[in-house]
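Nothing fancy with the numbering, it's 1 onward along the sequence. Just the heavy atoms: all of them, side chains too, but no hydrogens, waters or symmetry mates, feed the values below.
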Amino acid sequence: QTDPSGTYHEWKANAIGRSGKTVSEFLEKHYTDEIAKSDEACIKLTVRALLEVVQSGGKNIELAIMKKGQPLEILDTKTVEKLVAETEKERDEEAEAKKKAG
């Protein structure tokens, strides 16, 4: 990322746009090199980050996957809604487990 002053910033995970700061902070807190090794884990982390600022539901989220040397892949609405449902279920299970442990 290059800001208007010309300063270059390198990120392993970043977000831009409305609520970009909130999403970037979430990614800074939860991103690990272990997650980066799995496409599925990266996508789920992205969905979790977006759910921090977007109303629940896949219809409010659009996802595109960029990989070096490959064409851009835009995920269809069904796939996004499935990912959102899985991610929300995992998040709820984690919250329930914390509640029981605490």
Side-chain angles (χ1 to χ4, degrees):
Q1 175 182 353
T2 305
D3 66 29
S5 69
T7 305
Y8 176 78
H9 302 275
E10 183 177 343
W11 301 91
K12 291 185 178 185
N14 192 24
I16 59 172
R18 186 176 60 203
S19 301
K21 184 175 190 225
T22 302
V23 175
S24 289
E25 288 171 355
F26 180 91
L27 292 171
E28 284 178 28
K29 199 184 264 185
H30 295 91
Y31 177 90
T32 64
D33 289 335
E34 193 64 34
I35 287 174
K37 294 177 184 177
S38 163
D39 289 348
E40 184 179 335
C42 285
I43 293 168
K44 284 190 176 185
L45 176 64
T46 302
V47 171
R48 284 184 67 188
L50 289 171
L51 288 173
E52 293 290 310
V53 296
V54 173
Q55 291 182 357
S56 294
K59 65 184 175 203
N60 296 321
I61 296 174
E62 293 178 343
L63 291 176
I65 300 171
M66 293 176 22
K67 293 182 184 178
K68 188 175 182 176
Q70 295 181 17
L72 181 70
E73 177 187 356
I74 299 175
L75 300 182
D76 61 50
T77 306
K78 260 185 173 175
T79 304
V80 173
E81 287 177 352
K82 181 181 173 199
L83 287 165
V84 167
E86 288 173 7
T87 303
E88 286 179 332
K89 182 181 177 193
E90 289 172 8
R91 186 177 60 184
D92 292 345
E93 288 171 355
E94 287 175 13
E96 192 66 33
K98 282 183 183 178
K99 209 184 278 186
K100 287 180 181 177

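With sequence neighbours excluded, the residues satisfying side chain to side chain donor-acceptor pair (under 3.5 Å) with E90 are K44. For the side chain to side chain contact (heavy atoms under 4.5 Å, CB included) test, residues two or more places apart in sequence or in another chain that qualify with E73 are I65, L75. Partners of E94 by salt bridge (Lys or Arg N to Asp or Glu O under 4.0 Å), not counting sequence neighbours, listed by chain and number: R48. Listed by chain and number, the residues in a salt bridge (Lys or Arg N to Asp or Glu O under 4.0 Å) with K37 are E34 (sequence neighbours excluded). Taking the side chain to side chain contact (heavy atoms under 4.5 Å, CB included) definition, one finds that T77 meets it with E81, sequence neighbours left out. Residues that satisfy the side chain to side chain donor-acceptor pair (under 3.5 Å) test with D39, not counting sequence neighbours, are K67. E62 meets the side chain to side chain contact (heavy atoms under 4.5 Å, CB included) test with no other residue; sequence neighbours excluded. With sequence neighbours left out, T22 forms a side chain to side chain contact (heavy atoms under 4.5 Å, CB included) with V53. With sequence neighbours left out, S24 forms a side chain to side chain donor-acceptor pair (under 3.5 Å) with N14. In terms of the side chain to side chain donor-acceptor pair (under 3.5 Å) criterion, T32 has no residue partners (sequence neighbours excluded). Every residue meeting the salt bridge (Lys or Arg N to Asp or Glu O under 4.0 Å) condition with D33, not counting sequence neighbours, appears here in chain and number order: K12.
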| side-chain contact (heavy atoms from CB on, under 4.5 Å) evaluation trace for V84 with T87 | CA-CA 5 Å; V84 167; T87 303; 5.7 Å; no
| request: Might you work through the side-chain contact (heavy atoms from CB on, under 4.5 Å) test for I61 and L51, ending with a clear yes or no? | output: CA-CA 9 Å; I61 296 174; L51 288 173; 4.0 Å; yes
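Here the closest non-hydrogen pair linking C42 and A36 is SG-CA, 3.7 Å. Nearest heavy-atom pair, T46 versus L63, reported as atom, atom and distance to 0.1 Å: CG2-CD2, 3.8 Å.
The ring-ring contact (aromatic ring centres under 6.0 Å, His included) pairs that include a residue from residues 27-54 are F26-H30, where partners are two or more places apart or lie in different chains.
Summarising the geometry, atom CG belonging to L83 is positioned 11.0 Å from atom CG belonging to L50; distances are rounded to the nearest 0.5 Å.
I74 and M66 end up in the same hydrophobic cluster when Ile, Leu, Val, Met, Phe, Trp and Tyr side chains are linked at under 4.5 Å.
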